[in-house]
Each structure stands twice: as C-alpha cells, then as structure tokens.
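Working notes, structure below.
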Amino acid sequence: MYLDDLNPPQREAVEYGDGPLLILAGAGSGKTRVITHRLAHLVERGVRPWRILAVTFTNKAAAEMRERTTHLVGAEEARKLWIGTFHATCARLLRLTPEAAGLTRDFNIYDDDDQRKLVGGIMKELNFSGHLTPRAALSRIDQAKNEGITASEFSADDYLGDMVARIYVEYQRRLRAANAVDFGDLLLEVLRLTDDPEVGPQLRARFDHVLVDEFQDTNRVQFELVRRLAARGNLAVVGDDDQSIYSWRGADVKNIVDFERHHPGCRTIKLEQNYRSTQLILDAANAVIARNVYRKKKRLFTEHGAGEPIVYRLCPDERQEAADVVRAILTLVEDEGRQLGDVAILYRMNAQSRILEEALRAEGLPYAIYGSTRFFDRAEIKDVLAWLRVIANPADEISLLRIVNVPPRGIGDSTIDKVTLLARARGSSLWDAMRAAAGGAGTVPSRTRLNRPLPQSAPAQRGNDERSSNLSLFGAEHDWPSPSPSPSPSPSPDEEPTVDPGDGGAIALGSGPKKKLSAFVQLVDDLRAKREAKLSELVEEVLHRSTLVEALTAQGTAEAEDRLANLEELANSIADFEREALDPAEAGLTAYLERISLVSSTDVEGGGVSMMTVHAAKGLEFPVVFITGLEDGTFPLVREEEDRAAETQQLEEERRLAYVAITRARERLILTGAEHRRLFRQGNDDPFERRPSRYLADIPDHCIVRTGTRRVAPDARGYARIEPRGDGRYVEREDHGDHDETWSERTRARRAGASAPSAATGIRVDYEPSEDAADGFRVGQSVQHAKFGVGRVKTVSGSGASLKLVVDFPGQGAMTIVARFLQPL
DNA sequence: GTTTCCCGCTTTTTT
DNA sequence: AGCGGGAAAC
C-alpha cells in the first residue's frame, strides 16, 4: 500500500512505534508526508484518532496536514484527529475546562490590537505614558509570556522593567476581568492546567501520541507544553535547524538540538533526500545557507535533474517589479501551460503585497493573499466583530469601548470617563456600570459578575481554589452546561459599593447622556437576548440595529460603499461558516469568534496565484515561486539601530528565511528586486535606493540567469532606464522621478489635490550582452529617449560601473549620457 | 459635550 | 495608508 512510496528512513519514521522520536527533516524531504503517513499508520494500528494530537505553527500548514491525512484515512477518521496550530489546540483545550483558568466558556481572545489598547489604557491610568510606549511594554510582556514568566514572576533590573512589571500584573488582572485571554495566555494557561491537581491528570492522559511539526520553532512554553501533553512518552517531533525563523517570538533552536538529551531512548532519523526541488534550486539553497556559521552541516541531495535555471530580475522600482512579476506569470501560463494555482509570490513584509495585488488585478488575474492586512483587521469588520464579542461576553471592556459610540450615538469621551470611574469605584465591570449609570433597574444577575476581581497579589492564580469542584472535567465536554445564566460562582466580596448603583450616586450623568446610554444598554440587552439564535440572523440584527449599515449608507461616499461591500462579504463568510460546520454546536457565536481570532487568512480556494510572506510559506511548496524584494534592507531586512551582536544573529535568521523561501520552489524560481523602493521612512540618507540582496551574490553562477533593467544616470530629471530585451520587444518605461521628495511632502501634495509628479524621461536601447560591447552597448545601436526621440550611439567609453555614451539625436545634436551601473547584475 | 479635521507616527515576520 | 491624539468647529 502507500508505504511503498517511502524511502527507508521515511518509512522507519512512519512505522516507528512508541517512545520519543526525533525526525531531522531537511527542506522538501517529505516531512509532511511522513507526518501524515505516520498519523494514518497510527490510526491503522488501532490508536484511537481522537487520542492523537498533531501540532503545527500556521493555519495553512494545519489545513494542509488535515487535507492530506483525509486522503489517507478518509474524512470520517481524519475529522477525529486533533490537528491544529498550537494556539487553536490550546483554545480548544481551554474551552473544555475554562473555569479552571478563571474564565467562562465564552472567553474572548484578544489580538495584538486589543492588547495594545488595553496596555495603553493601563499605562495612562498608572501615569506611565511618556516613559515607554504601549507597544514596547507589550512586547516585553509577550516576551515574558513566551518564556513562561507570569506576571507575579516578572522582574527586571532596569527601571523600565519595574514599570513593565506593574503593567503586566494589571494587564493580566484586566484580561481576566474581561473574561479574555491573549495569544500567550492560551498556551500558558493550558500549560498551567497540566499541573492542576484536578484537571491536570486528565489533560496529561488525554493523548496517546503527540506529533509536532517545525519543532525548531518552538519556544519554551511550547516545548514544555508538548512534553506534558505527551505524558505517555509517545512524542514525535520533526524539524530542521536551518529553517528556524521564529526566534523573535522566543523560539529556541536548542529545543530540537537538545531533544535527545531530554528524551533518553530517543530514536533519531535523518531525512536528507529532497523530493521537491530541482538540482539548481537546491544548489542555490545550499549555497545560501552554507554561509551561516551557527548550524549543523548538512547537504541535501536530489535525484531530480538540473531543471530550469533560476532567473533574477532587477527592476527600477517596486511598481515595475510588480508589473514584471505579473508579466512573467502570464508568460509561464502561455508558454509553459502553467496553472495560476501553481504560482506563489513571496515577500518579506506584508507591506509589499499591496502593489503586487494591484498589478495582478490590473491583469485580471485571480489571487489569494494569506495573512497580510487581514480582512478581519478592517475597521468596519472589527466594529461588527466587537459587537459580536460584546454580545458573547459583555465583560470584554475593550470591545465594549469600541462599539459604545460606533456609529456615533452621542456617547462621548466624557460620558465614558464617568462610567469608567463608576465601574472602578464599584469594582464592577464597565458593562455593569453602564447599566447602573443608565438608571436601569438594579442587579440583573449578569454572568459578567463571575469575573471576580483577582486579589491584588497575583500569585493567588496558582492555588486557584475558587474553582467549583464538581465540574466533570474531561469526557464531559459534549454535554457541557449550556451558557445559560448560571449563578455566579464568584465569591467576589460583594463589597459595599462606594456609589449607589441605582441612582448614579456621586458620579452624575446629565439627563441627555443618561438617556443615550440607556438606549445603548437596551440595545445590547436586546441583541444579547438573541445570542443563541442562528448566527447569520444574529449578525443581520447586529448590522441593522446597531445602525452600522444605515450610517454607512447615509454617507454615500465611495469609501462607504467599499465598507458596505466588506460587511456584505463578512455576512457571506458567516453564512459559509455556518454551512461548513459539521456539527451545529460548532456553528455558534463563540465558535465563530474563536475561529476568526485564530485564523489570519481568508483561505480562499485555490485556482489563483498565492501571495504570502516567507514566514507564512513555511511548510508549503509550489511549482513556481517568485521571491520579491530581494534587496538589502528589504530581504534581508536589517534594522539600523540594533547593536552589532544582535545584528549578526539577525542576519543569520534572515539567511535561514531566504533558505526557507528558496526551498519552497519545486521547478521554477524567479527572484526579483527593485533599485528604488518606497517603504515608509528608512535611513536618512537615500531612503529609496537599494542594493541587490547579498544573497544573490552567494548563488553560484551556474544556477542563475541575471537580467533586468539597468539604470542610467543622470538625465535631466530623474533617471533613464534601459530595458534588456530577450523577447525582441521593447518595453515602455515611465520614470516617476523626483525620488528625493519626502513621503510626507508627497502626501501633503496629494491631500492638497495636486497630482503626483511623473516625468517621463526614460530612454530605451537595444541591449544585447556580448563580448565586445561594454555592458551591452554598441556603437551604432539605436536608442530612444522620451524627450528627444530616437537616437544613435556614437561612442561608448568607460566600462564596468560607469560608462559614457554619446548619442546623436537627428536634428537636435549629440547628447552625452553618463550611464552609472550601481551593481553588476 | 460631541464631532470632525488635521498632524504626526508607524510596521518585520505570526497566533 | 491607517490610526490615535489633540485642537478647532458644530
């Protein structure tokens, strides 16, 4: 059967029985195949599928693993397997016994935006603003969480660290008060649960076999977590130190290097034969990664033929780069019969995707972007989601604050400030305070009260003894009590309210604001009453009763139209979600919110060109791969301010990233870069000028054909461009000129209504590399200049980086053009 | 008290 | 290009 198409080491990895197993799998060595076959093998051997856990890092990798496993064992069995990202898996586990972590089943998951807002608010209240940015504080908190350091354990020797420590404690307290977790908590809480006297034993006994993909990217918490979830000792990890690209998230290559030491009796299997790429692509990848010092020496081999050479193309700017990529795709489709679905465009930063997207759209080519400025990050979408989150969990303060005046309903900052004060004074949630301030009659037994304020000293978290002890823990997940209002288990010291909740007390609202607030509270209550209704109907209600749709319709601007279309798309996606859900219980509000919190991509069906960051591409492969933005400063992306020691390490990681990118390609690899790139503000010298990526120099000449536009300078204004042929055609070039104009000047000019300056000052020439022509220029060659028309080269002098052309333009005399080549191609 | 407009800052990479 | 903060306009 299917074991036949495995090579001996692969086969051993698949069939290896119980106990720890380390699979060192080079890029393209059939790693996913080994994992999926191993999963299938375990199932066939009689291991119950729901007792097998397979963990990945990205949703895309998880989806692929599930799909391929489905082919092997059938949909029914595959569905029972636990396959997912670390975070999705932990969210799922946490929902089984949320009380053990001080949460309710409807807990919300805060994304980084929510996190930042929360930290920002805390810093303001603690008067820490100005000393450090919320972003910086959050980054240290996240870092701590990656290392498993809780708020109470956090300490730092610098004075900023002391601030962070206080912020961290308060942040954690507020998160729990909001019945919310952040990404780090998902892992940390589950890790903590494995030690829990009640839940822990069952959690640790839950899985018979655990498999971890991309183990080189695990951080400390993930490493520990995996060990505990694989308490039976049947832990198989797969990884490759050359593909470690998540050190910024706390990943530690030591986890894989020391795996054998931590797991006595571990069997180690190496997979070194590459089945993915052609020899030339592999040569290039090997050459690039070989320059890293901190790595285990290894060399992949393949039995594939040399294949097509890699192509590098240097383009004048990012706009032209995008156009060239699209043109190359069209050529591949027309001349080689490639499918669009075979093609992936990779880039270092999401910011690069927009222009590529525009170029694809201009040609009408279908595409799917994975990650990027996510659909769910758009303001109007986040508004709707915030509504839904409040409906699911009104304790969610961040979401509540977001929607309270969206669309504008006359509840401004001052009203909110007062209600916030009231909430703090009463020690209640903001939502309860709103209800009180609105004059709503008394105490609705709201489940939000369950979120007891944690004791000021955070260590209490551990000995969490408030947990109701009669919870049937594992195994009872399916008949979990429905989220109907349950009496608050919280022993929250029903402290004397400093403010009389009924009458607003010391903090008085005027009658106007009070009325408005009351209408809002009523609205949320009405919507909450429907939270068990069909999701799509609930969303319809939210869209209209919140007047989100009406407000946008009233605006009538093109932008509002866009936003409405997005809302429509959201409604469609929700309908899809409902339809796809196999189990109606999985189609509810909470399930939906969880999914969109953890899934970054819109996961459009294939058929189009795939676009994603290199990070997102990890674990995937494509017949045709474009790697764009190959310039120093873009890829590798280096930040100036970093100290030198860190820079070396960063550059090594960037190199691994390049290695990952190159090894995604099966048959064709096309590299592109731009001489000028408009990307925020970079250094202060010439912000737009780039040098080709240093990795290009590492790729041996036999692997690669270097082509591209060459820059000729200076012309009257801007630069002229020379386009190499190859297909016998000239290509029109337009110079956008004025590269020294600053970004803000340009923005201002555009806002003032001025059109962007664009000077057409290009020249076109025949470019045919040959022995006798200096850099491809020959006397007698014809040249076309945008302003002066067609001319003829009279003399060529100089060579290498700089040469001088005298061009005769009939009727206008000769003109000297100095060609300066910044970098040999 | 609320809304709106304008300025300045920001972005690596993912869950 | 998008967002938050601050100041001026409603």
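Every chain is numbered from 1, with letters handed out A, B, ... down the list of sequences.
- When each of B/dT15, B/dT13, C/dG4 is scored by its nearest atom to the side-chain atoms of A/Lys117, the top-ranked nucleotide is C/dG4.
- Atom pair A/Ile398:CD1 and C/dC3:P shows a separation of 16 Å (rounding to whole Å applied).
- When the C1' atom of C/dA1 is taken as reference, atom CD of A/Gln352 falls 16 Å away, rounded to whole Å.
- Put simply, CE on A/Met612 is 14 Å from C1' on B/dT13, counting in whole angstrom units.
- Side-chain atoms of A/Tyr246 lie closest to B/dT14 of the nucleotides B/dT12, B/dT14, B/dT11.
- If you find the closest nucleotide of DNA chain B to A/Lys516 and to A/Leu657, the one lying nearer the 5' end belongs to A/Lys516.
- Proximity of A/Asn219 to the phosphate of B/dT15: no side-chain N or O atom is located under 4.0 Å from OP1 or OP2.
- A/Asp182 comes within 4.0 angstrom of nothing in the nucleic acid, heavy atoms only.
- Closest to the side chain of A/Arg354, out of C/dA1, B/dT15, B/dT14, is C/dA1.
- Rounded to an integer number of Å, the gap from A/Met349 CE to B/dT13 P is 7 Å.
- A donor atom on one side chain and an acceptor atom on the other are found under 3.5 Å apart for A/Asn566 and A/Glu380.
- Here the side chains of A/Leu103 and A/Arg176 are in contact, with some heavy-atom distance below 4.5 Å.
- What separates CD1 of A/Ile416 from P of B/dG1 is a distance of 13 Å, to the nearest Å.
- OP1 or OP2 of B/dT2 lies within a sub-4.0 Å distance of a side-chain N or O belonging to A/Thr415.
- Checking the phosphate oxygens (OP1, OP2) of B/dC9, no side-chain nitrogen or oxygen of A/Arg135 falls inside 4.0 Å.
- Close to B/dT14, at under 4.0 Å from its OP1 or OP2, lies a side-chain N or O of A/Thr613.
- Straight-line distance from the CD atom of A/Gln222 to the C1' atom of B/dT14: 11 Å, rounded to whole Å.
- In this structure, A/Lys514 atom NZ and B/dG1 atom C1' are separated by 18 Å, rounded to whole Å.
- With A/Phe107 as the aromatic partner, A/Arg95 meets the cation-pi criteria of under 6.0 angstrom to the ring centre and within 45 degrees of the ring axis.
- Side-chain N/O atoms of A/Gln222 and A/Glu224 include no donor and acceptor closer than 3.5 Å.
- Atom CG in A/Asp217 sits roughly 12 Å away from atom P in B/dT14 (whole-Å rounding).
- Comparing A/Asn405 and A/His87 by the nucleotide of DNA chain B that holds the closest heavy atom to each, the one mapping nearer the 5' end is A/Asn405.
- Residues A/Arg249 and A/Phe57 form a side-chain contact, since some pair of their non-hydrogen atoms from C-beta on lies under 4.5 Å apart.
- Taking side-chain N and O atoms only, A/Asn350 has no distance below 4.0 Å to OP1 or OP2 of B/dT12.
- OP1 or OP2 of B/dG1 sits under 4.0 Å from a side-chain N or O of A/Lys418.
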